[in-house]
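Chain naming here is simple, since letters A, B, ... match the order of the sequence lines and numbering starts at 1 in each.
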Amino acid sequence: MSLSDAFGRPMSRRTLLQGAAGGSTLVAMTALLNACGGGQEPTSGATSTPSASQGKDTGAVLDEVTVGLPGSLSNLYPGVESGILNYYVAALTMEGLLSVDSAGKLQPALARKWTAKDPKTYVFSIRKDAKFTDGSPVKVSDILYSIKMARDAKVSPSSASYWGAVSSVRQTGPWEITFRLSAPNVSFDWVPTVADALWVAPEAFWKKHHGRIGTSSAMLIGSGPYKVTSFSPDSQAVFERTDTWWDGPPKVKKFTLQFISDENARLLARKSGDIDVALNVPLDQVDEWKGLADTQVISVPDRSWAGLMFNYTLPPFNDIHVRKAVAHSIDRQAIVDKLLHGLGQVATAMSTPEQFGGVYTPTEATKKLAAVPQYDFDMDKAKQELAQSSVPNGFSFDLTYPNTGPQLGKAALSLAQNLKSIGITMNVKEQSIEQWLSALNDAKAPVRYMWYFSTTGDPAELADYLLNSNPPNPVKYSNPKVSGLLDQAKGELDPHQRADQVIQAQVVAGADLPYLSLWWGQSSTAFARSIGVRNYTSFTLLSPWSDSLYSAT
Amino acid sequence: MTGHRTPVRGVALFMTRRLSGTLLLLVVISFLVFCLLYLEPGDIARNLLGTRQVTPQTLAEVRAQYHLEDPLPLQYWTWLTNAMHGDFGISVRTQDPVAHMITSRLGLTIEMVVISFVLAMVGGIPAGVWAAVRRNQVLDRAVVGSSVVFISAPAFALGLLLLYVFAQALGWFPVYGTGVGTFDRLWHLALPSLTLALGLGAFIVKITRAAVIHELEQDYVVFARARGLAARQTLALAMRNAAIPVLTSLGLAVAYLFGSTILVEATFSLPGLGSLLEDSVLFKDIPTVQALTLLVAAVIAVTALLVDLTYLLFDPRLRTQLVSR
């Protein structure tokens, strides 16, 4: 859930800003997106198992792994700064009630087990053996207070919205917590995870710092395998292994995270051996990174979605023929092949194939999602649609893209060129990520980009945000059947039924074309060959990811 | 008129006037910067929340927390009254107290600025004098030509060039980071400081050269030479007078250093005040930007005051003027 850049800079945001991702997340900073190919399988780099080129596990403990992050972090608490990098970093030391594994399935964390009595009631049994990294035991009261902080928009602006459906949270037993929701939501169990909206810290720690944690003067204290031993905002953070984690000591003794905002400097740092791992290698530099000695680059689908949002109520885009004319004018396969260098996949829907864990494999999900109506690149059809529209002689409009996503700009220019041939003038403008974000809810914008990184494995995460009319979606699209299916999915306990309802909602909406899906992205990570990684997927870094690394021959 | 003042009283009055003016200037600057940030495109709440789905209630709470719905004058007044009590607030972006953020980064930037300043002075002034004495000779032209290159080169480009040559190709210096311990810190700051110093030094070379040439053409130098004074003594005479325009440029040099440090810190991934200012401006983090701009403005103003006081040391005419006013 956060937004930030693809690189996760905080979006920053750095937030998106400085980065980007939350129940959703966003996008952001410099770039990284990649995507997949319509109906294609992920590229060869997209793998959930160790690449064949990786060495064998020597069994040795890694004394120190230095990771080069592409953006700077100013605060380590994702409730404040919610770039995707913040999530990755916090996952080393913080825990929620549940965690997510590399396959995208929820696993026990501070909760030993959990049950949904019904889609509105969730009961979590808390483990008794958990300790914070300062040695103090994790009590139910610490968890309840952390939830209170995560729900407080003043303390945790980035996570508060995700708790909106919770009507009450109470201790219902010595080691039991029960959530009651105001409306059914079978994907609620994603919320109390570090991949979404909960990071448990001691109650006394929260109170001592008046809720302002994650700063250099209030370094995070969690119950995970590492403790933060130093944090210099925008410079580096050091995490050292503790013996307090309930799951035993991990194999990496120490992580040094270097924030290197200049991509050329980061490349040089790997070249000189100063860093072992580089997260979110820029799309345009992947080949250079692959050419480095003793370095391998692994690209995996990152559950990001790039698409166009048509203003559904504003002329001329309230006309389906105009929307179809634009849709037929964009060559998505060429964009993936040429602009993204094949590191992506043409998106047929909003849900990404990787978000159907436990129900469909990405391959199966890709086939299912292909049922959503598609609009192939065909300039003749585009011309015909425009001729039938309310503006047969063409019109002009602006499209802005964030400076952190240059590939969005290139794709827009490609579209503009095609539109020009049928009489539509599209002015493409770059904006700072901050400016672009502020216009995200601009009701007067005819067409806007959306670049969204899902952090959960819930296939409805983005679809519900963009298609459900309650609350109103960004384009004011309203189709009772679509909203009905999405609402139905929220209460559907059978995961297969639910997945099909989410897909069906997108199939129905696809005929109305309120959004045009462009591509699903990929992220690339560089590893020194002395470091192996198991089961590397887009979920890996949202789990206690040190367990995935090993000393390789 | 009350007659002549003592030099001490004259200087005290001069300083009082200047400090009062500086204070007023800082208030005006703070208001202007506040207005510019207010008008800057972007929305703090959205910057915090990103593209995520946000409930109207959360959005309203965030906006209320930072007084974003208040009119501009009220927002400024709230900030000003807190600032006058020494409370520069909490950073919107990081939730850290602004004062703590600045003090934790101040050391790095000061170290870099001081090293750059010293390098630029030590290299630039002798080179300028040397070029002036050998005016129009080949070496003079080489010095002037190099100066033009370094003045014109953007700091980030120069920084990247130095990184590739000295850090990557030769491996003499690290490519990023701040170092631990005095020697390691100096080693890490060498390239960024050199980047800053080359631009500033080139500027100093040109100012010094022009000032010395001007003085060497004055009648008193001709007389000194006619009286048979040695070349070194003649140059010393000219140097004292040439020092005034060079000193004047030091105020500009400080402003230059603070401006360029933003680009240099970004290029070398250094967490100093420059990168903090850049990130804060982009985020519309008003409390941090306000404090930083005031700090920089105050440093430049104080530098200008010190430069003016130094004039008094170098130019007796100014002392007389000040005391008799």
Side-chain angles (χ1 to χ4, degrees), chain A residues 1-4 11 13-18 20 22-28 72 74-75 77 80-82 153-154 157-158 160-161 164 212 214-217 232-236 258-262 264-266 268-269 271-272 274 431-435 437-438 440-441 450-452 465 471, chain B residues 40-62 64-66 90-97 100-101 104-105 108 156 159-160 163-164 167-168 171 174-178 265-272 275-276 278-285:
Chain A
M1 338 212 121
S2 65
L3 145 55
S4 72
M11 272 164 239
R13 236 347 35 238
R14 272 212 58 184
T15 15
L16 162 60
L17 280 199
Q18 259 197 14
S24 70
T25 307
L26 169 41
V27 176
S72 59
S74 305
N75 187 306
Y77 175 52
V80 170
E81 188 176 87
S82 55
K154 291 178 181 172
S158 296
S161 288
R212 296 191 191 97
T215 66
S216 57
S217 50
S232 302
D234 302 335
S235 176
Q236 68 166 27
Q258 299 284 1
F259 311 144
I260 309 174
S261 52
D262 186 89
N264 293 309
R266 196 159 69 116
L268 292 177
K271 208 167 186 174
S272 62
D274 288 344
Q431 290 183 329
S432 69
I433 184 71
E434 295 82 5
Q435 200 174 350
L437 278 177
S438 69
L440 207 56
N441 288 336
M450 175 56 97
W451 187 20
Y452 187 92
Y465 171 18
Chain B
E40 180 193 7
D43 178 350
I44 293 174
R46 259 297 162 195
N47 287 347
L48 278 169
L49 301 168
T51 54
R52 280 159 292 156
Q53 187 172 18
V54 175
T55 62
Q57 185 191 358
T58 298
L59 202 57
E61 283 186 49
V62 172
Q65 184 183 6
Y66 298 107
I90 303 288
S91 162
V92 178
R93 188 170 65 97
T94 69
Q95 296 298 298
D96 221 4
H100 178 259
M101 286 175 66
S104 64
R105 293 157 179 262
L108 180 75
F156 72 90
L160 279 179
L163 263 178
Y164 271 101
Q168 190 212 335
V175 294
Y176 73 96
T178 57
E265 286 179 12
T267 304
F268 290 89
S269 304
L270 293 173
S275 53
L276 178 63
E278 179 199 12
D279 292 342
S280 303
V281 167
L282 288 174
F283 201 90
K284 290 190 80 165
D285 187 353

Item to complete: Give the member of P471(A), S216(A), S232(A) that has the highest number of heavy-atom pairs under 4.5 Å with chain B.
Response: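 Of the options given, most contacts go to S216(A).
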
Worksheet item: Taking all atoms of both residues into account, what is the closest heavy-atom pair of T94(B) and T215(A), and its distance?
Response: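 Looking at all heavy atoms of both residues, the shortest contact is O-CG2, 3.5 Å.
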
Discussion item. How close do V80(A) and Q95(B) get, counting heavy atoms only, and between which atoms?
Written reply: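 Heavy atoms of V80(A) and Q95(B) come nearest at CG1-CG, 3.5 Å.
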
When you compare the side chain of [Y] with that of [X], does any pair of heavy atoms fall below 4.5 Å?
{"X": "L163(B)", "Y": "N264(A)", "result": "no"}
{"X": "M101(B)", "Y": "S74(A)", "result": "no"}
{"X": "R105(B)", "Y": "P233(A)", "result": "yes"}

Worksheet item: Given that the side chain runs from C-beta out, which part of I90(B) has a heavy atom under 4.5 Å from chain A: side chain, backbone, both or neither?
Response: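 Only the side chain of I90(B) comes within 4.5 Å of chain A.
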
Worksheet item: By a 4.5 Å heavy-atom criterion (distance strictly below it), what part of L59(B) contacts chain A: side chain, backbone, both, or neither?
Response: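 Neither part; nothing is under 4.5 Å.
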
Worksheet item: Considering the options S104(B), P271(B), S275(B), which one meets the side chain to side chain contact (heavy atoms under 4.5 Å, CB included) requirement together with S235(A)?
Response: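 Only one of S104(B), P271(B), S275(B) forms a side chain to side chain contact (heavy atoms under 4.5 Å, CB included) with S235(A), namely P271(B).
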
Practice prompt. Let me know if Y77(A) has heavy atoms under 4.5 Å from chain B in its side chain, its backbone, both or neither.
Written response: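 Neither; nothing under 4.5 Å.
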
Item to complete: Report yes or no: does Q65(B) contribute a side-chain atom to a donor-acceptor pair with the main-chain N or O of K154(A) at less than 3.5 Å?
Response: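 Yes: the side chain of Q65(B) pairs with the backbone of K154(A).
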
